[in-house]
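All remarks here apply to the structure that follows.
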Number of protein chains: 2
Amino acid sequence: MEPSKVLSLAKRRGFFWPSFEIYGGVAGLYDYGPLGTLLKRNIISVWRKTFVQGEGFAEIEGSNISPEEVFMASGHLSEFTDYLTACENCGEVFRADHLIEFKIQDGIAPDGKYPILSGLLEKLASGRLEAMDLEKEGIKCPVCGGKLSTPYPFNLMFKTTIGAGKRGRTGYLKPETAQGMFTTFNLLYRYHREKLPFGVAQVGKGFRNEISPRQGFIRMREFNMAEIEIFFDPENKTWPGFDEIAGEKLMLVPNTGDDEEIIEMTVGDAVKNGVIANEALAYFVYLTQKFLLDIGIKREKLRFRQHLQDEMAHYASDCWDAELLISYGWTEVVGVADRGTYDLDAHIKASGADLRAFRKFPEPREAEVVRIKPIAAKLGPLFKKDAGRIKKALEEMEVPEGWKDGDSLKVDIDGNSLKVPADCFEVSQERVKLSGEKFVPHVIEPSFGIDRITYALLEQNLKEEEGYTRLTVPPTVAPIKVGVFPLMARDGLDERSREIHRVLVASGINSYHDAGGSIGKRYARMDEIGTPYCITVDYESLEGKGVTIRERDSAEQVRVPEERIAEVLKGLVEGTITLESLMEKN
Amino acid sequence: MEPSKVLSLAKRRGFFWPSFEIYGGVAGLYDYGPLGTLLKRNIISVWRKTFVQGEGFAEIEGSNISPEEVFMASGHLSEFTDYLTACENCGEVFRADHLIEFKIQDGIAPDGKYPILSGLLEKLASGRLEAMDLEKEGIKCPVCGGKLSTPYPFNLMFKTTIGAGKRGRTGYLKPETAQGMFTTFNLLYRYHREKLPFGVAQVGKGFRNEISPRQGFIRMREFNMAEIEIFFDPENKTWPGFDEIAGEKLMLVPNTGDDEEIIEMTVGDAVKNGVIANEALAYFVYLTQKFLLDIGIKREKLRFRQHLQDEMAHYASDCWDAELLISYGWTEVVGVADRGTYDLDAHIKASGADLRAFRKFPEPREAEVVRIKPIAAKLGPLFKKDAGRIKKALEEMEVPEGWKDGDSLKVDIDGNSLKVPADCFEVSQERVKLSGEKFVPHVIEPSFGIDRITYALLEQNLKEEEGYTRLTVPPTVAPIKVGVFPLMARDGLDERSREIHRVLVASGINSYHDAGGSIGKRYARMDEIGTPYCITVDYESLEGKGVTIRERDSAEQVRVPEERIAEVLKGLVEGTITLESLMEKN
């Protein structure tokens, strides 16, 4: 179904709609309506079963507002930017890359090449547009035709101030949830009783101050993410469940082949042939595929594309995007990246915190270590009440590179750097037995764009035939599991059907009671929102002959005794019972 | 347990911790750790069962970032403020009311009265501090003793900019979720097929830019809320389930009595005696109490305090706060308010949108209506291409108050006000039959502070006896439902216990496997985080004699056959099986 129809149905039936419409709306902001909230929650619930409960991962929930230091360290402050250009005449602001893209499309020659503008294309690909003279390239203000400024970088994080006055501090809305797992690695490592590997998930919002959001639900200013950081000892990137799934097939587009050719390959072969960097990464690519298929994404509209070498972010050693085919083309919805030590390194450097893990040696190892031994009798008179803390700092520090006998040492006390003269300590080499060593863990990160997945699921599953619309999502994610109807709204059928509806709700099944309009209309209303089963209470039901259950996609019906309805429905939704098996019994 | 111990345990065991500690932290921001995320989710799950599924309400999820117009209409832009004062010497900023409070406490006379400062107290109570000369009251900068500025209002919403340049627009982080239900009333009314009453819930973040957040987890800058707006026909504030719960007792502190005296009264009597304004409000006060008791809040530490007449917000006709007794004193965690038409009126006025419902008359009514009949032959020549739209606008508008025969009329076209001369229309009175009328619904709002509830639940349920800590939360909300231990980590006990752990996880039970340290230590670890059951696999288990299940609070144990473990545990957690009944069977 095309996007405009999906968006219109989504609004009419309450899946999602543009936020703040009564005030003219704000581009890139959407609300989930009643059905969308249920659908999204069901998707996240399958995700949680697959990744969090299934793999024994932990889940945390951090703040949306974050102080500047976090993004200074992560690189977002310098790198998370778009290039803007402002019209010197009318003052309108545009994304420079968008204007260049349009210009390139204008300039496409019949043979599909870009005859005049190949220089533009390279600049666009490099993402470095700051030195560009747009006028010289023939690009003018699309609104008034005025001269455009040189493109300038614009940070895409929403900025705010935490507190007020002198104590006010710059803060940003997090552009991803991931940093929350890196900055608390020390606490999470302790929670996991100092054992690797472990995974920590987070479901939450991401924020991105797009200049001119396009593509409806696909590119939003506020979006739902689900991310996992799995921390590894880099010496061991295997995964316990790998062997069980090594024979499963993946749909891959490796960066060595044709950009459009999907290669089917088993998980095992992908690792053996070096297509995917390691077992653990391949395992999570597979699990991502399983999750997407489980919620109802179409196998033929799903592929994993490996980042090109020059497209790969500087921190990733290998990265695979799950892409779904929708009207907007192949659209990235998940990224599965091996990020190495990049993030933890950055926060260790910026904060000084110890975000390392400990690896025990199989046997204790003898090693030469250089030790600093403070001389208390010298420190005391010199540093008085600080002497104790300086002693501790000296004992814990390592001898800096380039230090020579007779040099003083600098220690950090409450952010102040203090110089400790050479006669206050001794430096000696010792042979010691080490039981292990500290190291910075590697990180594998599967990162999911939940709104895009939700949209793609709707688009891929909305079937329109002769004006009749059916949403064919699997029962597990369907917002409403069953519609309950009286055949007629009289003769006690209405009361009986309401009673059944109440029983279903009480047993935890999301049921919708509908007594309005013809049965056909009520089926149609339920089919349109993906309700997999409908129960009708008819005159035979009043005689104790049970009710009919109708399946959405086959339109097959079967009678079920009233006392078994809840149990049968649960079984149907969870897939432990099929309608066929019920029909055979009858 | 006192707050410092709760906070320390919360951090050590992974319930919650201050955000961004490696960068020095940000006051008022906390992360939920692995156990806190589970605990909070379980609390919200009970809340959802009680309010959303139980009452058949819808749930939506709106944006955090909202445009200025929303809060101009809601009153937050003018009213959601604290008074600040800045030191003219050192530049530090303080909350004026805090400084005044401290001063008042200093000035308390032995008889408990405020001898000198009674004027201060009144100003503080009125909340209007802008004209106050702090120096004259003897209040100086607590940091440097300098002169303080006149208090000035400071808006507590976090401000940001949506977009950039000329298209940039002021936005705020929502201070509550409620506005999202009011601004989409038209869509929600349609979703509910234009029938009242209906309720819409939202679980999400609220943001409040506190100047100097105190009280740890109780006063946060970013917090979790769960809110419901129930829309009513004001002519009918009854509620379907009311009669069934009319005999249940409430713990009330009405605003007519002693401030500290809790009166036990049935829900029915509270309405009959006019203590609570109407049935629906009383019903949701009761449901709030039921929810809080269900998750493990102590009955003797729970009360509902009615807002005083002068404390009642200008929009509320009646309001009851659920207050919980914790170390900080009686602390508000829920507000249940009858807000009348205040919010919808405000957004109708500000946006011009029709946020009304329709009420059918029992019988069609004859009524005199004043109609405006456009004269097309006059409009055409005068307004040319706009004539059609002006005709439509005239037909839909009402005759303004004070309009006299011969006056022109103003119509609004695309935001431009056009004058339509008197000869372009006729005004006539007609008798018509009306099938019903439009009206602005009333709103009852239960609004929950989830973090405060989570904190109070921990504080009220953490029991420390001789250095042994037990968290006595009900199994339904406990983060981990069962600990699975091998008696020894050898002889195949470890493998067997891991197998049982895996089976439990696969059947949806949150299980934790622990083979480290003595059994006593492992019990202690589980008791401290509220795990209600522990399973031990011993040598008898290897002989097919089942495993032991130990209950947290009684420390009683019972043997259960291995094939029944999942079923028994589910029953214990859901409360359909008791340990006693299992013991009797053995």
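These numbers come from the heavy atoms of this one structure, side chains and all, not from hydrogens, waters or symmetry mates. None of these values were measured; they are calculated from a predicted model.
Considering OG1 of Thr160(A) and CZ of Phe207(B), their distance stands at 10.0 Å, rounded to 0.5 Å. Note that the OH atom of Tyr32(B) and the OG atom of Ser63(A) stand 10.5 Å from one another [nearest 0.5 Å]. Note that the NZ atom of Lys159(A) and the OG1 atom of Thr161(B) stand 9.5 Å from one another [nearest 0.5 Å].
Counting heavy-atom pairs under 4.5 Å between each of Glu92(B), Met220(B), His513(B) and chain A puts Glu92(B) at the top. Counting heavy-atom pairs closer than 4.5 Å to chain B, the top residue among Ala506(A), Ala353(A), Ala27(A), Ala350(A) is Ala350(A). Chosen from Asn209(A), Val93(A), Leu355(A), the residue pairing most often with chain B at heavy-atom distances under 4.5 Å is Asn209(A). Taking chain B as the reference chain and counting heavy-atom pairs below 4.5 Å, the highest number among His347(A), Arg193(A), Lys205(A) is found for Arg193(A). Counting heavy-atom pairs closer than 4.5 Å to chain B, the top residue among Gly163(A), Gly91(A), Gly28(A), Ala58(A) is Gly163(A). Chain B forms more heavy-atom pairs under 4.5 Å with one residue of Leu188(A), Val26(A), Leu84(A), Leu156(A) than with any other, namely Val26(A). Between chain B and the residues Arg12(A), Arg502(A), Gln53(A), the largest count of heavy-atom pairs under 4.5 Å involves Arg12(A). Most heavy-atom pairs under 4.5 Å with chain A: of the set Val505(B), Val200(B), Asn64(B), this distinction falls to Asn64(B). Residue with the most contacts toward chain A among Arg190(B), Gln202(B), Glu61(B): Glu61(B) (heavy-atom pairs, distance under 4.5 Å).
Heavy-atom distances place both the backbone and the side chain of Ser66(A) under 4.5 Å from chain B. Lys49(A) does not touch chain B: none of its heavy atoms, backbone or side chain, sits under 4.5 Å away. If you measure heavy-atom distances from Thr184(A) to chain B, the contacts under 4.5 Å come from the side chain alone. Interface remark: Ala164(A) contributes backbone and side-chain atoms alike to the contact with chain B (heavy atom separation under 4.5 Å). With a threshold of 4.5 angstrom between heavy atoms, Tyr23(A) approaches chain B through its backbone and through its side chain. Only the backbone of Tyr30(A) has a heavy atom closer than 4.5 Å to any heavy atom of chain B. Proximity to chain B (any heavy atom under 4.5 Å) is restricted, for Arg48(A), to the side chain, taken from C-beta onward. When heavy atoms are compared at a cutoff of 4.5 Å, Glu210(A) approaches chain B solely by way of its backbone atoms N, CA, C and O. Contacts of Arg169(A) with chain B are made by side-chain atoms alone, with heavy-atom separations under 4.5 Å and no backbone atom involved. For Phe57(A), no part lies near chain B; criterion is any non-hydrogen pair under 4.5 Å. Proximity to chain B is limited to the side chain of Ser19(A), based on heavy atoms less than 4.5 angstrom apart. For chain B, the nearby parts of Phe158(A) are the backbone and the side chain; heavy atoms of each come within less than 4.5 Å. For Arg525(A), the part sitting under 4.5 Å from any heavy atom of chain B is the side chain, from C-beta outward, and nothing else.
In this structure, Leu35(B) and Tyr191(A) have side chains that are in contact, with non-hydrogen atoms separated by less than 4.5 Å. The shortest distance between side-chain heavy atoms of Arg221(B) and Ile65(A) does not fall below 4.5 Å. Asn186(A) places none of its side-chain heavy atoms less than 4.5 Å from the side chain of Glu21(B).
Side-chain atoms of Asp31(B) never come within 3.5 Å of backbone atoms of Ile60(A) as a donor-acceptor pair (strictly under, hydrogens ignored).
Under a cut-off of 6.0 angstrom, the local environment of CD in Glu194(B) is crowded, with over 12 non-hydrogen atoms contributed by other residues, nucleotides or ligands.
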